[in-house]
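Report on the following structure.
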Amino acid sequence: MSKKNLAIATILSAIIIDQIVKIYIKTNFILGEEVVVFDWFRIHFTENNGMAMGFEFGGETGKLFLTLFRLVAVCGIVYWLYTTIKSKIHNAVIIAISLIFSGAVGNIIDSVFYGVIFDDSSHKVATLFAEEPYGKLFYGKVVDMFYFPIWSGNLPSWFPFVGGEPYTFFQYIFNPADAFITVGVAILFIFSKQAFPKD
């Protein structure tokens with residue numbers, strides 16, 4: 001398989017998986033609903049305005065800025081991927097950049113379109129292509145569902161920042177797009193010499 005086809009196959013596969021999972025959760029779960037798979041792994045449906053770890057800033061203006069920034073960033077990633085394919089770098093680097101691109105696009109799809117194709121998930125299961133959507137274009141919420149509360153308890157009081165308080169590791173809820181970005185970055189780190197040659 002050529003490097004170009006490898007990139008295309010990786011991108012299409014990752015985006016399709018991401019959207020299938022999100023649409024399934026959105027159309028089968030009520031906001032806040034949780035399914036315990038194992039004590040340390042749960043499917044917990046939540047939504048956020050698009051920042052990593054569910055952080056928010058700037059209300060609607062901040063939300064729009066974040067979405068537009070992501071669109072610009074994706075253009076940069078496309079150029080990075082194009083130049084990497086042309087330079088015939090290791091396939092692992094192609095896959096890594098493709099995964100990062102896919103994750104960014106997956107969350108952009110939520111932010112741009114979900115507000116106009118779904119209705120609200122509070123107290124009921126959402127409808128795809130709803131007659132009364134919950135938002136507007138560019139103001140959709142990102143769907144998250146993977147929750148790994150591996151350990152919960154009180155940390156020693158001498159522990160920085162959270163010592164003496166109840167704490168859960170890992171407390172953040174994420175989605176396939178986030179996972180693809182993380183895996184892509186990890187692969188780049190492993191193959192850093194090939195990804196960022198000194199010359």
Side-chain angles (χ1 to χ4, degrees), residues 4-35 42-82 95-147 172-185:
K4 177 182 176 181
N5 288 340
L6 176 63
I8 292 171
T10 302
I11 290 167
L12 289 178
S13 299
I15 292 175
I16 289 170
I17 290 170
D18 175 67
Q19 289 302 307
I20 287 175
V21 171
K22 289 175 177 175
I23 291 171
Y24 176 82
I25 293 296
K26 187 77 174 160
T27 56
N28 287 273
F29 283 64
I30 297 170
L31 190 64
E33 184 175 352
E34 180 176 276
V35 173
R42 305 176 186 189
I43 304 298
H44 182 101
F45 174 31
T46 187
E47 293 177 314
N48 67 72
N49 280 327
M51 287 192 69
M53 309 302 185
F55 296 121
E56 299 182 14
F57 75 99
E60 287 194 355
T61 302
K63 164 69 174 172
L64 180 61
F65 172 80
L66 179 63
T67 301
L68 295 176
F69 173 79
R70 278 183 166 162
L71 289 170
V72 173
V74 160
C75 293
I77 297 171
V78 168
Y79 178 75
W80 182 20
L81 181 59
Y82 172 78
I95 292 172
I97 300 172
S98 298
L99 287 173
I100 293 170
F101 173 80
S102 304
V105 170
N107 284 334
I108 285 172
I109 291 172
D110 297 28
S111 295
V112 174
F113 298 110
Y114 275 26
V116 295
I117 64 173
F118 286 107
D119 52 11
D120 190 55
S121 295
S122 300
H123 312 299
K124 66 181 182 64
V125 172
T127 303
L128 181 60
F129 303 119
E131 294 182 2
E132 297 182 7
Y134 71 81
K136 52 188 177 180
L137 200 65
F138 286 95
Y139 289 93
K141 294 181 179 179
V142 176
V143 175
D144 293 324
M145 74 294 296
F146 296 141
Y147 180 35
Y172 301 108
I173 303 172
F174 60 98
N175 59 43
D178 300 328
F180 293 141
I181 292 172
T182 302
V183 171
V185 171

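Bear in mind that the values here come from a model prediction, so they are computed numbers and not experimental data.
The side-chain contact (heavy atoms from CB on, under 4.5 Å) with S102 is formed by just one residue from the set I15, I97, I17, I181; it is I15. Of the residues N107, D110, N48, the one that meets the side-chain contact (heavy atoms from CB on, under 4.5 Å) test with V143 is D110.
Qualifying ring pair (Phe, Tyr, Trp, His ring centres under 6.0 Å) partners for F180, counting only residues two or more places apart in sequence or in other chains: none. Scored by the side-chain contact (heavy atoms from CB on, under 4.5 Å) test, S122 finds L31, D120 as partners (sequence neighbours excluded). Checked against ring pair (Phe, Tyr, Trp, His ring centres under 6.0 Å), F174 has the following partners two or more places apart in sequence or in another chain: F146, F148. With sequence neighbours excluded, the residues satisfying side chain to side chain donor-acceptor pair (under 3.5 Å) with E34 are R42, H44. Partners of S13 under the side chain to side chain donor-acceptor pair (under 3.5 Å) rule, at least two apart in sequence or in another chain, do not exist in this structure. Annotation: ring pair (Phe, Tyr, Trp, His ring centres under 6.0 Å) contacts of Y114 (sequence neighbours excluded): F118. For D178, there are no salt bridge (charged side-chain N to carboxylate O under 4.0 Å, His left out) partners two or more places apart in sequence or in a different chain. Listed by chain and number, the residues in a side-chain contact (heavy atoms from CB on, under 4.5 Å) with I20 are I16 (sequence neighbours excluded). The side chain to side chain donor-acceptor pair (under 3.5 Å) search around S121 returns K26, not counting sequence neighbours. Scanning for side-chain contact (heavy atoms from CB on, under 4.5 Å) contacts around Y24 gives N28, F29, with sequence neighbours left out. For K136, the side chain to side chain donor-acceptor pair (under 3.5 Å) test picks out no residue, with sequence neighbours left out. By the side-chain contact (heavy atoms from CB on, under 4.5 Å) test, A7 is found to be paired with L81, I85, I94, S98, residues two or more places apart in sequence or in another chain being considered.
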Can you list the steps and then say if V35 with M145 is a side-chain contact (heavy atoms from CB on, under 4.5 Å)? CA-CA 10 Å; V35 173; M145 74 294 296; over 6 Å; no
I'd like to know whether T10 forms a side-chain contact (heavy atoms from CB on, under 4.5 Å) with F101, so could you lay out the CA-CA distance, the side-chain angles of the two residues, the decisive distance to 0.1 Å, and finally the verdict. CA-CA 10 Å; T10 302; F101 173 80; over 6 Å; no
Given the rule in the side-chain contact (heavy atoms from CB on, under 4.5 Å) test, do V112 and L137 qualify, once you have shown the distances and angles that lead to the verdict? CA-CA 5 Å; V112 174; L137 200 65; 4.0 Å; yes
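Note that OH of Y172 and OH of Y147 are 11.5 Å apart. Values are rounded to the nearest 0.5 Å. To the nearest 0.5 angstrom, D18 atom CG is 9.0 Å from I23 atom CD1.
A donor-acceptor contact shorter than 3.5 Å is absent between the side chain of D144 and the backbone of T46. Y134 places no side-chain N or O within donor-acceptor distance of the main-chain N or O of A126, the cut-off being under 3.5 Å.
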